[in-house]
Amino acid sequence: MNIKNHLLLQDDGTPVPFTQSPNMGKTLTPQYLVMHFTGGSSAKSSVAWLTNPKAKASAHFVIGRDGSITQLIPCNRVAWHAGISRWNGLIGMNNYSIGIELDNAGNVTKQADGKWRNALGVVVPASDVVELAHKNGGAVTGWQTYTSKQLESAIEVASTLMNFYKLREIIGHDDIAPGRKVDPGPAFPMEFFRGRVLGREESVYPQYITTTNLNIRAGAGVGFVTLTAKPLTKGTKLELLEQSGEWMRVNVVGKSDLEGWVNANYVKPV
Ligand SMILES: [Zn+2]
């Protein structure tokens, strides 16, 4: 895949289907990729809704369960997918991100008739339901799984966007609006997805190791809580995600969930 004039093209140069949404803001220079589920009943109905002015919502892409891709907004214009949100000191992530909606009913509960339905009454076959708790809290509930065709499509789209726009990170709507949003939710294999997408990227993050036992913190300063009970041991491998003065936001290699801030005076490049 490729990008031309901020529109996604297939490998053979044909544009992916484009249905312009009027729900669009000003010029965008994207830095992040935000993953969502639609919570709807089909990609077609979600495209119809997200291109309806009444929705006051949109996304750059909708990816169906069959892997089909529809673009609704050029990638250099703001789409209305994130709402009230923040990440890494940025507020209002619509102004900083590309949004991908995956056709998925979201969280579903088992009804008296034995069928799994979401809040809108969309029925999901039991074979498509996993029962999990959300990482942000709450009880175990049902979630519709994503299809492999859909994930493969999304990986291709995400890789193309990450490379073309040099995006910093893939995040979930539930990362940037926790408490308010639960998508893409626990059925979305975020670590697998990131791994596959980043594995296709041309560039890799700069690698560092710690030169002493070193605390990893929730923010860029000693005032932030430490994220682990014990400091990272000397020689721990880190990937640099971003730098802010003397502080570096890093991913701890081999611990896919552990990201945080370390003091740059106590690491060295590999
Ligand atoms: Zn969302």
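Numbering of residues begins at 1 and proceeds along the displayed sequence. Remember, it's 1-based here, ligands and their atoms both numbered in the order they're listed.
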- Task: Would you tell me whether Q111 and T109 have side-chain atoms, one donor and one acceptor, within less than 3.5 Å of each other?
- Result: yes

- Should the pair W143 and F37 be assigned to parallel (<30°), tilted (30 to 60°) or perpendicular (>60°) ring geometry? tilted

- Query: Quick one: do I209 and L258 end up in the same hydrophobic cluster if we chain Ile, Leu, Val, Met, Phe, Trp and Tyr together by side-chain heavy atoms under 4.5 Å apart?
  - Reply: no

- Under a single-linkage definition using a 4.5 Å side-chain heavy-atom cutoff for Ile, Leu, Val, Met, Phe, Trp and Tyr, are L33 and L8 assigned to the same hydrophobic cluster? yes

Hey, which N, O or S atom on [X] ends up closest to the Zn ion (ligand 1)?
X: H36; answer: ND1
X: D183; answer: OD2
X: H173; answer: ND1

